[in-house]
A.B. asks: 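Dumping the structure here so I can ask a few things about it.
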Amino acid sequence: MAAVQWHSRVRRYVAEKQSCGLEVASVEFGDYHPLKSITVTDSKSRRGARKGSTSSSSSSSSSVAMDPLSCMMDGTDPLSMFAAASASEPHLTLPHSISSGRKEKEDEVAVDFEPWSSKRGEILARFTTTEKLSINLFMGSDKGKVAITVTGSQRELLNLSQQDYVNRIEELNQSLKEAWASDQKVKALKIVIQCSKLLSDTDVIQFYPSKFVLITDILDTFGRLVYERIWSMCSDPHPLPGTGSDEVNDTAKETCLNWFFKIASIRELIPRLYVEIALLKCNCFLTKCGIQKTLPRLTAMIRGIGDPLVAVYARAYLCRIGMEVAPHLKDSLNQNFFDLLETFRQIHGDSVQNQLVLQRVEIPVYLTLYSPAIHWILQCVSYRAPESLLTEMMERCKNLGNNALLLNSVMWAFRAEFIATRATDFIGMIKDCDEAGFPKHLLFGSLGRSLACADPPEAERLPILNEAWKVITKVRSSQDYINCAEIWVEFTCRHFTKREVNTVLSDIIKHMTPDRAFEEAYPQLQSVIRKILTYFHDFSVLFSMERFLPFMDMFQKDSVRVEVCRSIMEVFIKHQHEPTRDPVILNALLHVCKTMHDSVNALTLDDDKRSLALLINGFIRMVSFGRDFEQQLSFCVEARATFCNLEPVLVQLIHTVNQLAMETRRVMRGSHSRKTAAFVRACAAYSFITIPSLTSIFSRLNLYLLSGQVALANQCLSQADAFLKAAVSLLPEVPRSVSIEGKMRSSEGFLLDFINNFLSTLLVVPDHPEAGVLYLVRGLLNMVQDYTWEDNSDAKVQVYVSALPLLAAMSQETYLYCIPKVDSNETLYGGDPKFVAEINKLCETLIGQVLDHLKILGRDESVRRQSSLAFSLFGCLLAHGDLRNNKLNQLAVNLWNLSHKHGYCDTQTSVRTLEFIKHLAQQPNMLHISDMVQRLILQSRT
Amino acid sequence: MSSFNTNIFKSLINVSSVRELAPVVQQKETFVRERPITGEQGVSRSRRSGTGVSASLVLCTLGLCFSSRPYYVRYTLRCDMKRSLLAKDLSKTCEFMVHCLPQKAKLQPTPVDFNITPETLQNIRERSLLPKFLIRGHLDATNCVITQPLTGELVVQSSDVAIKSIELQLVRVETCGCAEGYARDATEIQNIQIAEGDVCHSLPIPIYMVFPRLFTCPTLETTNFKVEFEVNVVIVLHDDHLITENFPLKLCRV
């Protein structure tokens, strides 16, 4: 095909815009208009005006027609109704606090009672041993009498490790269930008795609490099984158990009685007690007040246990089952506690001491074994107990000698408010305690825990802190010290200023630094940081604490340090709303961020990198030096040096600098002074040298383009040229496929998007005086030509087609858009015919290329692609070509026909296009179009 | 001494319902030896020509043995049916229980206080070698209703040597008159621990024991046959000294 001469259609953008735009109709105040503000009636605003509610009724007219939606909703939208409903509901009762106004059924244990299940794991984790354990299961019958057992054998398992022991117990639990399931009730009972017998054995005493937990699990299972069995025997199961024994039929009653007779004949005290406690609930089948009568008897029976540790755990079990079965029977709970006090002196008796010597266990370690049981008993006792009872209990504990253990449990189990109001008394009592007994740091730890939940009277706070810290600071073992100090940091943060916190921090540093003790205490030190961060959101205060950063220096293990830095940054991003320029904050956070950044290495996961970069970006966004732009730029320079390994941070920095340049422009209202001009050039320079260090090719391309646009907007022409040139010269490097979210995708779509975006910018870029006409456009097209596009792809030609509108726009007298204070080609060439001719020549080349490609497509039988490509070129000619020119006109008609030749054209689009052309033809001076319409044949299938 | 009671079958049912736990309950089963029947009294005998039915009440009373084995008293009802030559005779035996009539009279509680010290002990060789101790206590009643537990309290006031265990031993004493005089046989039927280890001093420990259903019966006293019960409070000291205090009990059914 002979070369086509291009002639651009002359455009009058202003007129076109006016003719295209819809008529503007002003809406009178009070007229109906669908988009006028809709009144959402907020139910909250009626109850009591709250600022920031979504009510928008105030500004709009009140006579607005009713919004159909709000009509439906009867004036209240459901979301605000929910909000109102939740606001009016009282707050949930928190643990440690009891709402007196709320009446609950007394015999129900509510959510605020910490359940046993939560203690279980804690005990198992805390009381462990490395010593060898043994299980002595005497499964035969007693004293050589007749063996009636199924598994009649005596097994003694020696030298078990703790894990083996736990496994064995679990096996027993399983065999209990199996025996029960296979109707071997006797065997089941035997297993339970043997298990509970293990509880009378205090060998390897450090493990006793855990052993208790394991074995009571089995007992619980057993109790449940028996209860369910008897329950199922009741002919008509009534909804509430224990309501009365009258409905229980004789068989069930008799079976139940048999169980109790059997248990009553268990020879040894401890198994008899435990099994009977496990079956406590079954008493309700016998008589109405069965449980009520049994509880005091069992309580008294525990007095027969000589070993105080065994006894206290038996009491804990009784209290636990009692709480589950009959929480309203408080008397036996109290009696249990008073009995405990009575026998308290036994702990320091000879038999216990002898045992400890034998097992080589220190007294303080031994005493802590009691804690879980006493905690539990006291928790049961103090649950919903009146203040007077608590006071009485406390007095009793106080009067007992060597009461540190009790004191500890009182502080642990009683309501925090109760403890907090008497904090000063408690400190006095703690001080009076015997040094050799229960460790004092544990006592202060318990006190601190209560004070973290409830506030002591204001005047006492400082003396409390002083007194407590005086003791804490003297704790010798660094591990004990930090455990205690960590708890008290919360109290300090809650009530005091940075000065006190700073003192506390410096004390911690002093204790933890010798012998690198901090290495063993990272979890606690982290917790200290967390607590400080919860209370100090103002980072200027936080970092003005002298010892905060030295404290941070103690985190010397990389992973921990990064974690701490992360938590600091998270809090900063969450709570810092205003940009800051505070040098203290900046320095400190820069240090923190640098630490995070430096942790990145070749092995760091992508996700980690991303989250770290996100945190650092959050920080960079919050830095603002206000009008001091130069300072801001130098900060960015510093940040770039610091965070060079994290690409997202560099991208953020480039954006920040570009924003800075635009901000400068805004401040100068578009006309730069010499100084600001130099500054924006510096910004451009910053971007220019930063972009190449990025690896992602598309972020480089986009940033070049963006920075070029910014430079152009700031009248830095040579810089803009450099950016755009760099972008163009980067194009050949674009790989054919890029990895997106771990998948390889073709880069073609992204590349086309970028080029189109780039082309639209090129309209306003003035030609360089020393380079040729349209050298950037030419350069781009050359690159496009040389680029190795995918096989069987029309992308190259698509670029050519999309370059035509640009060239057409460039040949107009006035351009569609321009940049203030930048002379585009329109002014530079002033519509010089030579310039226009140059453009036309370029267009002709492009069209020639496209037509050649169309031919090839026709040969390759890719007619579908040919058709759509031909149609897009037709559209381009129609929109931008001057169709008065006959040759162009003929070309357009040919293209139309080509696209319809094989019937692959989208009929709907064709019909619409044709309608549009007909519409055009009716405009004045459009004769050539109407001629053309005649020749366009629509191959309709109908 | 005893009378037939219509309730016997009910009590049999009770026994069968115990079967759930039977292997444990009948701990002493192997100790039970069937005694030779020493006396047989035909209660009724009727004959008709050709076939005959004979029923006999077999009272196996007073199985007596001097090898310190317990007695076993059981009542069976046996019915024989004699049949003609070609058919085999039929025979059926049925065991039944004998319930004592509940006591009509109101039971008077008879509390007993006790003090145990080295001085109160008998049957010791050298009193001076004994450790010092003082144990007080009381039983709420020695006249016990068989369905109610034995209750009381025990306080270790002081003890030089640590206590290892405190137990309640229930003993059945059977006495039988025979040609050579009286034979007396005591059997431990239940032993219950009420304290284990060195219990806290001067804190009352409850005494509580349920009478086992199958091994106790109301106290029985006749001229030459007695079934009596005693409870021993046994205190085992750490040096394996055994201190026993004996209390005769009188069980009855109300």
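Numbers restart at 1 for each chain; the letters A, B, ... are given by sequence-line order, proteins then strands.
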A.B. asks: With respect to chain B, which residue among A:Thr343, A:Val352, A:Ile266 yields the maximal number of heavy-atom pairs within a distance under 4.5 Å?
C.D. replies: A:Thr343
A.B. asks: To the nearest 0.5 Å, what is the distance between CE (A:Met301) and OH (B:Tyr208)?
C.D. replies: 8.0 Å
A.B. asks: So which of B:Ile205, B:Ile207, B:Asp198 has the largest heavy-atom pair count under 4.5 angstrom toward chain A?
C.D. replies: B:Asp198
A.B. asks: Can you tell which of B:Gly197, B:Pro206, B:Pro212 has the highest number of heavy-atom pairs within less than 4.5 Å of chain A?
C.D. replies: B:Pro206
A.B. asks: Is A:Glu254 salt-bridged to B:Arg213, going by a charged N under 4.0 Å from an acidic O?
C.D. replies: yes
A.B. asks: Taking all non-hydrogen atoms of both residues, which atom of B:Glu196 and which atom of A:Ile270 are closest, and how far apart?
C.D. replies: OE2-CD1, 3.7 Å
A.B. asks: Going by heavy atoms in the side chains, are B:Cys200 and A:Glu342 under 4.5 Å from each other?
C.D. replies: no
A.B. asks: Measuring heavy-atom distances to chain A, does B:Pro149 have an atom under 4.5 Å in its side chain, in its backbone, in both, or in neither?
C.D. replies: neither
A.B. asks: Walk me through it: do B:His201 and A:Gln346 pass the test side-chain contact (heavy atoms from CB on, under 4.5 Å)?
C.D. replies: CA-CA 9 Å; B:His201 292 183; A:Gln346 267 189 300; over 6 Å; no
A.B. asks: Answer yes or no: is there a side-chain heavy-atom contact under 4.5 Å between A:Arg267 and B:Ile192?
C.D. replies: no
A.B. asks: If I take atom CG from residue A:Leu269 and atom CD1 from residue B:Ile194, how far apart are they, to the nearest 0.5 angstrom?
C.D. replies: 8.5 Å
A.B. asks: Ignoring hydrogens, what is the shortest heavy-atom contact between B:Phe211 and A:Phe261? Give both atom names and the distance.
C.D. replies: O-CE2, 3.7 Å
A.B. asks: Non-hydrogen atoms of chain A under 4.5 Å away: do they reach the side chain of B:Glu153, the backbone, both or neither?
C.D. replies: neither
A.B. asks: How about CG on B:Asp239, more than 12 heavy atoms from neighbouring residues, nucleotides or ligands closer than 6.0 Å, or not?
C.D. replies: yes
A.B. asks: Once rounded to the nearest 0.5 Å, what's the spacing between atom OG of A:Ser265 and atom CG of B:Leu170?
C.D. replies: 12.0 Å
A.B. asks: Considering heavy atoms only, which positions within residues 302-314 of chain A lie below 4.5 Å of chain B?
C.D. replies: A:Arg303, A:Gly304, A:Ile305, A:Gly306, A:Asp307
